[in-house]
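Heads up, the thing below is written out as structure tokens.
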Amino acid sequence: MDFQLALLIDAVVAGLLLGGFYAAVTAGITIAFGILDIVNIAHPAFIILGSYIAYIVNTSFGIDPILVSILMLPAFYALGAAVYQVYYLSFEKRGQDALRGLAFFFGLLFITEVGLILTFGVDYRYVNAAYIGGTVQLGPMNLPLRMLVPFVVSMILIGALQYFLARTFTGRAIMAVAQDQFALRLMAADPVRIKRIAFGISIGVAAMAGAFLIVIQPVEPSVGREYIGRVFAICVLGGMGSLPGTVIAAMLLGVVESITSTFYGPSWAPAVAFGFLLLTLAFRPAGILGR
Amino acid sequence: MRSWTFFLIAAAVGAVVFFGAHLVVQNDYVYFAGYTVLQFVVLATAWNILGGYCGYVNFGSAAFFALGAYSTVALHKLAPMPIPVLILIGGIVSGVVGLGMGYLTLRLRGAFFAIATLALAVVLQTLIVNWDYVGGSRGAYVIRPATMQILGFTINYITYLFLVMLTLAVLAITAARAIERSRLGFGFATIRDDELAAEASGVPTLRLKLIATTLSGGLMGMAGAPFPYYIGFLEPSSAFGLAYAVNSIAMPMIGGTTMWAGPLIGALLLGTLQQIATVTISSAVNLLIVGLLLVVFVIIAPKGIVGLVQDRRRARQKP
């Protein structure tokens, strides 16, 4: 009984830490899919790309992966802005974004994954940092720093994003673009430019989350696929386009996944996220915080 | 042209392909390669019934394909059965799952549906991985016989599989063409163009969409059912491979989604290209080619090859 309880508490704590990281992974899709209504299926591909850049810089220069993630933000912002420009010109402007836009992102996902496989092979890659392997003792629990550090940085990142969206002019324009593009134009803001900025941020956040991912676990190119279900499950469950909702949903999913893999074995864990998503879509498409 | 006339012509073309291959090439490899190409013809045609006609993108093709394949593995362990029966059962299993998925998700529009299909694929894969009877994550062996007797002739088993898939492809294309020109097809087109307006005009959209998911899923399962005999060893990560999902989307998109000829052209073109690339370069590169072609085509030629041809014909008629 006591042993079971200890196991349960451990699973819940590990799930909460994992959930914090999932929130960072999903934040980008909350902006792209929830706010901008761009179904970026290729989001996990950018996450894995971020992981590999963190890996390259870390192994060749020994720079901390999380520091790398901040340094590479401008590059991924530019990449995101460029992808949005292509998407806008080829699909949004012509008014056929739905079906073909999906196929476009699906193709991007595929190209990135196969490209990474061709360059790096399918071996698992990992990074080195001082805190990987260490633990913090908190009462009866051992918190691995490998999980704790990404969790803390993720929370800071989400806080900063929330501040940006709620308080700054550009951030509020991003929120507005989801509601009424025409009205935004009357306020002398170009919706396309605002969306380009937002999508750039979304990809930048994805790449940062990629660096956290490779701190938490070794990465190989097809790991990203598992995250397609997770990010969309969390985004929908969190009520589409709400960052606080995203955090709650991410932690919920993290805890449920962690409990499943502790008590039923890790081979069932992937089904949890997707099962969650299917049930959410079927019965509560508006999400937890949705109306 | 009536459907049955079309069917006879398609069957005749199929027969010419089969006997032509038999006469010209004295090598079994052409059947191995040809089987894969034809399998993609069926998959692409099946995807297009839901994706092209109704405008609902299905990312879970691999799941339906794998369901067909795994129902064969399960039945094979119970009692060996002739392949046409297995195809029928595989089709029914996948069709029923398609119907169920439709009930769960078709109230969702567009993108949500696409994501839900992706989720379904992973849930099914996890179930199969944890189901020991069909081999779990270790995979299962299915030994195929060396030869097969048809109408008194003894033919190689791979030749027989090729013949089965050829028949299935002819049937699938005939069905797709018949749907395209029927009331059903027009109903599908209204859903694709404006679902809200269709519903307001009295089109029973939910029922039509359920018919489309069932047909599309069933056909994919039928394409998957003979697969264990072809490959000899089936394991979840190959049966649920992303290659099936991306190919069954890319082929109709490249060929053109509004007409039965689109998936056919796309599958023949891409399928053959992939076979060549697999042999001459590597199998990873051939997937890269598919991805690149898909992206290039949706940007530059959104209506696919069929659309390009139609535009050119129209342009020629104008002056």
Side-chain angles (χ1 to χ4, degrees), chain A residues 33 37-42 86-87 89-91 94 96-115 117-118 121-122 221-222 225-226 228-233 235-236 240 264-265 267-283 285, chain B residues 51-52 54-57 59 101 103-127 129-130 136-137 192 237 242-243 245-246 249-250 252-254 257 282-300 302-303:
Chain A
F33 182 48
D37 206 20
I38 299 171
V39 194
N40 182 11
I41 300 261
V86 173
Y87 175 79
L89 289 175
S90 337
F91 307 106
R94 297 192 209 153
Q96 37 178 225
D97 30 335
L99 198 141
R100 281 164 221 292
L102 267 175
F104 168 72
F105 283 118
F106 197 56
L108 272 192
L109 169 76
F110 219 64
I111 293 170
T112 318
E113 188 180 316
V114 178
I117 288 176
L118 285 175
V122 289
S222 62
R225 267 183 235 161
E226 294 170 19
I228 302 177
R230 277 193 197 123
V231 293
F232 282 101
C235 178
V236 174
M240 304 282 298
Y264 300 96
S267 66
W268 284 104
V272 174
F274 289 93
F276 236 74
L277 172 61
L278 277 181
L279 292 178
T280 316
L281 285 178
F283 300 111
Chain B
C54 297
Y56 275 78
V57 178
F59 283 121
M101 183 187 76
Y103 261 118
L104 263 182
T105 55
L106 276 175
R107 288 180 304 154
L108 310 164
R109 302 257 155 99
F112 289 104
F113 175 78
I115 297 161
T117 57
L118 208 61
L120 179 85
V122 176
V123 170
L124 283 177
Q125 183 174 0
T126 313
L127 288 181
V129 164
N130 287 292
S137 55
R192 178 186 60 210
S237 60
L242 205 57
V246 80
I249 293 170
M253 287 275 179
I254 289 170
T257 50
S282 84
S283 56
V285 172
N286 86 48
L287 291 181
L288 192 63
I289 293 173
V290 176
L292 284 173
L293 276 178
L294 175 62
V295 168
V296 168
F297 261 86
V298 291
I299 292 176
I300 294 173
K303 281 187 268 175

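Numbers restart at 1 for each chain; the letters A, B, ... are given by sequence-line order, proteins then strands.
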Would you call [X] and [Y] a side-chain contact if the rule is heavy atoms closer than 4.5 Å?
X	Y	answer
A:Arg100	B:Thr257	yes
B:Leu292	A:Phe110	no
A:Phe106	B:Val57	no

State which residues pass ring-ring contact (aromatic ring centres under 6.0 Å, His included) with A:Phe33; sequence neighbours excluded, sorted by chain then number.
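Here the qualifying residues are A:Phe232, B:Phe112.
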Of all of B:Val246, B:Leu127, B:Val123, which one pairs up most often with chain A through heavy atoms under 4.5 Å apart?
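Going by pairs under 4.5 Å, I would pick B:Val246.
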Hey, which of B:Leu293, B:Val129, B:Val295 has the most heavy atom pairs under 4.5 Å with chain A?
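The answer is B:Val295.
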Approximate separation, where rounding is to 0.5 Å, of B:Phe59 CZ and A:Ile228 CD1:
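Here the rounded value is 8.5 Å.
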Among B:Leu294, B:Leu288, B:Leu287, which residue satisfies the side chain to side chain contact (heavy atoms under 4.5 Å, CB included) criterion with A:Ile111?
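Among B:Leu294, B:Leu288, B:Leu287, the one meeting side chain to side chain contact (heavy atoms under 4.5 Å, CB included) with A:Ile111 is B:Leu288.
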With a 4.5 angstrom heavy-atom cut-off, is it the side chain or the backbone of A:Ile41 that approaches chain B, or both, or neither?
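The side chain, not the backbone.
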With a 4.5 angstrom heavy-atom cut-off, which part of B:Ala121 approaches chain A: side chain, backbone, both or neither?
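Nothing of B:Ala121, per the 4.5 Å heavy-atom cut-off to chain A.
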Considering all heavy atoms of both residues, which atom of B:Val298 and which atom of A:Phe91 are nearest to each other, and what is their separation?
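What the structure gives for the nearest pair is O-CE2, 3.5 Å.
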Return each pair, listed once, that meets salt bridge (charged side-chain N to carboxylate O under 4.0 Å, His left out) where at least one residue sits in residues 289-299 of chain B; pairs must be two or more places apart or across chains.
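Matches after skipping sequence neighbours: none remain.
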